[in-house]
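All values derive from a computational prediction rather than experimental measurement. Throughout, protein chains are lettered first and strands after them, A, B, ... in sequence-line order, and every chain is numbered starting at 1.
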Amino acid sequence: MEKKKLYPENSNGKNKINRRIFLTSIGNTATGIVLLGSFGVTLEYLSPNVLLEIPKIFKVGPVNSIQPNSIIYEPEQRTFVIRDEQGYFYALSAVCTHLGCTTKWNDSGAAGNPNAVISCPCHGSLFNKRGEVIQGPAIRALDKYRIQLEEDKLVINTAEKVSEDEMILKV
Amino acid sequence: MKILNWLAQTKIWQSIFRTKLPISTNLDKSLVIFNSLTLHIHPVKVRLRAIKFSYTFYLGMISFFLFVLLIVTGILLMLYYQPAIPHAYNNMKDLEFVVSNGSYLRNMHRWSAHLMVITVFLHMLRVFYKGAYKPPREFNWIIGIVLLIITLLLSYTGYLLPYDQLSYWAVTVGTNIVQYIPIAGEKIRFLLLGGNEIGEYTLVRFYVLHCVILPLFMVLLIALHFWRIRKDGGLS
């Protein structure tokens with residue numbers, strides 16, 4: 001069966017555009033542009049420009065008062081600030097990389113594994129003190145944040161994730 | 001009886017109910033069904049087999065009844081609820097412990113919601129195992145799937161509204177699952193939350209979705225779903 005054509009053809013096989021088809025096309029195009037535009041504008045509207053969220057940069061310190069081999073947990077920023085045995089600093093996100101629950105630090109480890117000092121209450125992921133995965137369901141290590149020394153205080157920027165090589169701040 | 005008879009003869013009655021009383025012939029009986037908004041969900045003539053309980057277990061109608069119950073209780077709950085932090089949690093507790101019959105209403109809303117998910121699911125199982133999704137009913141099956149999804153979304157968006165620990169973490173986990181959608185995942189999460197973390201905007205967004213947008217689509221699709229049952233040849 002031959003399909004019915006949307007636009008009729010004349011004898012030499014070219015599309016014949018009469019006044020009705022011309023005006024309909026213009027009308028449909030204009031309506032389409034308006035609909036597409038309003039969709040775009042609405043989508044833009046749905047995305048808030050100003051957010052009253054907690055600041056990405058925060059300070060911890062003074063450095064001298066933090067003992068080696070200790071951690072500070074910042075609940076607002078959901079961040080662990082750690083000073084290791086050598087006295088070096090690094091900052092780990094406490095947000096589980098599986099589905100975003102807040103993990104808990106426990107010095108004696110979890111699930112019978114003394115290395116699993118960070119554990120997630122939601123689905124049981126375990127991490128070591130460097131934030132590396134010991135047990136799933138998480139597949140990615142915890143995020144590491146940029147940590148810098150400013151005068152005698154540590155400045156941590158949760159907007160800036162760094163690699164393993166850059167995570168350590170030597171003081 | 002005499003008053004009813006007189007009432008049935010008045011112009012007002014006859015303008016509301018088109019069927020002439022008394023009902024005596026088969027035609028009159030069929031007109032009662034035909035002229036009624038609610039009864040004409042069935043055709044004038046139905047096989048006895050088709051309206052037997054064991055044929056459909058009335059699961060679709062039970063789901064619809066639960067939906068109506070949810071709308072009624074939901075609207076009443078809205079009168080004591082503000083979708084703002086920290087009011088939301090306090091309002092929920094007020095509904096439980098202070099407002100007269102508030103806990104009854106809230107429990108009715110909650111249990112109906114749980115039940116509705118179950119009955120919609122069972123309804124789909126029934127349709128599936130009876131092969132009632134087959135042509136010419138394929139499109140109605142698709143509408144049914146969308147209705148299941150909306151039911152689940154309503155359930156999910158309603159879960160945040162008490163704004164307790166359970167809702168907070170359920171929505172954290174849920175929106176993080178959304179984040180795994182390729183390409184658009186991050187953006188969808190941002191739009192759902194109205195930010196990067198659950199906050200004031202999230203609560204309002206889930207409230208509007210739960211109370212306006214999703215029920216609206218639900219009502220429209222239920223109407224289409226019921227209409228299609230008739231057009232596709234009745235119950236099966």
Side-chain angles (χ1 to χ4, degrees), chain A residues 36 38-58 73-80 93-104 118-127 131 133 136-143 145-146 156-161, chain B residues 82-89 152-153 155-157 159-160 162-214 216-217:
Chain A
L36 216 66
S38 35
F39 182 74
V41 170
T42 310
L43 206 67
E44 226 171 23
Y45 171 81
L46 289 176
S47 191
N49 293 323
V50 179
L51 291 172
L52 299 173
E53 289 176 349
I54 45 165
K56 303 265 184 210
I57 297 172
F58 67 102
Y73 174 59
E74 288 290 327
E76 284 254 295
Q77 325 275 352
R78 301 211 274 166
T79 304
F80 298 118
S93 160
V95 181
C96 182
T97 51
H98 174 228
L99 288 171
C101 292
T102 307
T103 54
K104 198 171 158 55
I118 303 173
S119 58
C120 180
C122 287
H123 308 100
S125 296
L126 300 175
F127 305 87
V133 180
I139 47 170
R140 197 160 52 81
L142 295 174
D143 287 328
Y145 295 137
R146 166 90 61 211
I156 294 123
N157 185 355
T158 60
E160 209 180 333
K161 289 164 192 165
Chain B
Q82 298 160 280
I85 305 166
H87 303 297
Y89 180 67
L152 295 176
L153 286 176
S155 209
Y156 177 66
T157 49
Y159 206 72
L160 178 69
Y163 211 70
D164 52 11
Q165 283 290 317
L166 204 59
S167 9
Y168 186 91
W169 294 108
V171 171
T172 301
V173 167
T175 48
N176 272 304
I177 292 173
V178 168
Q179 207 176 3
Y180 282 103
I181 297 173
I183 305 160
E186 296 264 348
K187 186 70 186 167
I188 296 173
R189 179 173 184 267
F190 185 79
L191 288 177
L192 263 178
L193 293 181
N196 302 307
E197 295 283 329
I198 296 175
E200 293 273 4
Y201 286 152
T202 318
L203 195 51
V204 178
R205 270 162 203 234
F206 274 54
Y207 180 72
V208 172
L209 276 172
H210 186 76
C211 301
V212 183
I213 298 169
L214 292 171
L216 196 72
F217 279 108

Could you list every donor-acceptor pair linking chain B to chain A (distance under 3.5 Å, backbone and side chains)?
| from | atom 1 | to | atom 2 | distance (Å) |
| --- | --- | --- | --- | --- |
| Asn176(B) | ND2 | Leu99(A) | O | 2.8 |
| Tyr180(B) | OH | Thr97(A) | O | 3.4 |
| Tyr180(B) | OH | His98(A) | O | 3.0 |
| Lys187(B) | NZ | Ser47(A) | OG | 3.3 |
| Asn196(B) | N | Glu53(A) | OE2 | 2.8 |
| Asn196(B) | ND2 | Glu53(A) | OE1 | 3.2 |
| Glu197(B) | N | Glu53(A) | OE2 | 3.3 |
| Arg205(B) | NH1 | Leu46(A) | O | 2.8 |
| Arg205(B) | NH2 | Leu46(A) | O | 2.7 |

Of the backbone (N, CA, C, O) and the side chain (C-beta and beyond), which part of Leu46(A) lies under 4.5 Å from a heavy atom of chain B, both, or neither?
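Both the backbone and the side chain of Leu46(A) come within 4.5 Å of chain B.
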
Chain B contact via Val95(A) - which portion, at a heavy-atom distance below 4.5 Å
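No part of Val95(A) comes within 4.5 Å of chain B.
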
Considering residues at least two apart in sequence or located in another chain, which fulfil the disulfide (SG to SG under 2.5 Å) criterion with Cys211(B)?
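Scan of Cys211(B) (disulfide (SG to SG under 2.5 Å), adjacent residues dropped) gives none.
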
Crowding at CZ, Phe217(B) (>12 non-hydrogen neighbours, <6.0 Å):
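Counting neighbours around CZ of Phe217(B), 12 or fewer heavy atoms of other residues, nucleotides or ligands fall under 6.0 Å, so no.
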
So, for Gly195(B) and Pro48(A), which heavy atoms are closest and what is the spacing to 0.1 Å?
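Smallest heavy-atom distance, with atoms named: N-CG, 4.4 Å.
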
